[in-house]
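Please read the structure below before turning to the comments.
Numbers for residues simply follow the sequence, beginning at 1.
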Amino acid sequence: MRLDKFLKVSRLIKRRSVANEVADMGRILVNGIPAKPSKKLKIGDIITIGYTNREFKVRIIKIPSGNISVQESPTLYEIVN
């Protein structure tokens, strides 16, 4: 699954267009490397999202085949410190 779609489906970022913009600014890292929105993700990848005053890191646990419910979205990742 593409990075921008995963961020939207997992509700880490609310809209795919916003995920594209943030990735294009270089604020999203996958395994420590700046990633484009089209980056293909796999289970175990660590996504770091840089905000203005903090970072948010998650590890991918599951990649869905399509859209999922709001209640299921937190099961796709675990927060990493």
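Closest non-hydrogen pair, I28 versus A19, comes out as CD1-O, 4.0 Å. Residues L12 and Y51 come closest through the heavy atom pair O-OH, 4.2 Å. Between S10 and S73, the closest heavy-atom pair is O-CB, 3.6 Å.
At least one side-chain heavy atom of L7 sits less than 4.5 Å from a side-chain heavy atom of I49. With a 4.5 Å cut-off on side-chain heavy atoms, V58 and V80 do not count as touching. Proximity of L76 to I61: side-chain heavy atoms (C-beta onward) are nowhere separated by under 4.5 Å. T48 is not listed as a side-chain neighbour of F56, based on a closest heavy-atom distance of 4.5 Å or more.
For residues 22-34, no pair satisfies salt bridge (Lys or Arg N to Asp or Glu O under 4.0 Å), with sequence neighbours left out.
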Q.
The test is side chain to side chain contact (heavy atoms under 4.5 Å, CB included); show your working for Y77 and I47 and say whether it passes.
A. CA-CA 10 Å; Y77 59 88; I47 300 172; over 6 Å; no
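Scored by the side-chain hydrogen bond (donor to acceptor under 3.5 Å, both in side chains) test, E78 finds R59 as partners (sequence neighbours excluded). Applying the salt bridge (charged side-chain N to carboxylate O under 4.0 Å, His left out) criterion to R2, with sequence neighbours excluded, gives D4. Contacts of N31 classified as side-chain hydrogen bond (donor to acceptor under 3.5 Å, both in side chains), with partners at least two apart in sequence or in another chain: D45.
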Determine all donor-acceptor pairs shorter than 3.5 Å in which one atom belongs to a side chain in residues 62-72; sequence neighbours excluded.
{"from": "S69", "atom 1": "OG", "to": "E72", "atom 2": "N", "distance (Å)": "3.4"}
{"from": "S69", "atom 1": "OG", "to": "E72", "atom 2": "OE1", "distance (Å)": "3.3"}

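For CZ of R11, the number of neighbouring non-hydrogen atoms (other residues, nucleotides, ligands) closer than 6.0 Å is greater than 12.
K8 contributes atom NZ, which lies 14.0 Å from atom CG of L3 (distance to the nearest 0.5 angstrom).
Following chains of ILVMFWY side-chain contacts shorter than 4.5 Å, one can reach I13 starting from L41, so the two form part of one hydrophobic cluster. By the criterion of side-chain heavy atoms lying less than 4.5 angstrom apart, applied directly or through intervening Ile, Leu, Val, Met, Phe, Trp or Tyr residues, V18 is grouped together with M1 in one hydrophobic cluster. I46 and I43 sit in two unconnected hydrophobic clusters of ILVMFWY residues. Membership requires side-chain heavy atoms under 4.5 Å apart, directly or through other members.
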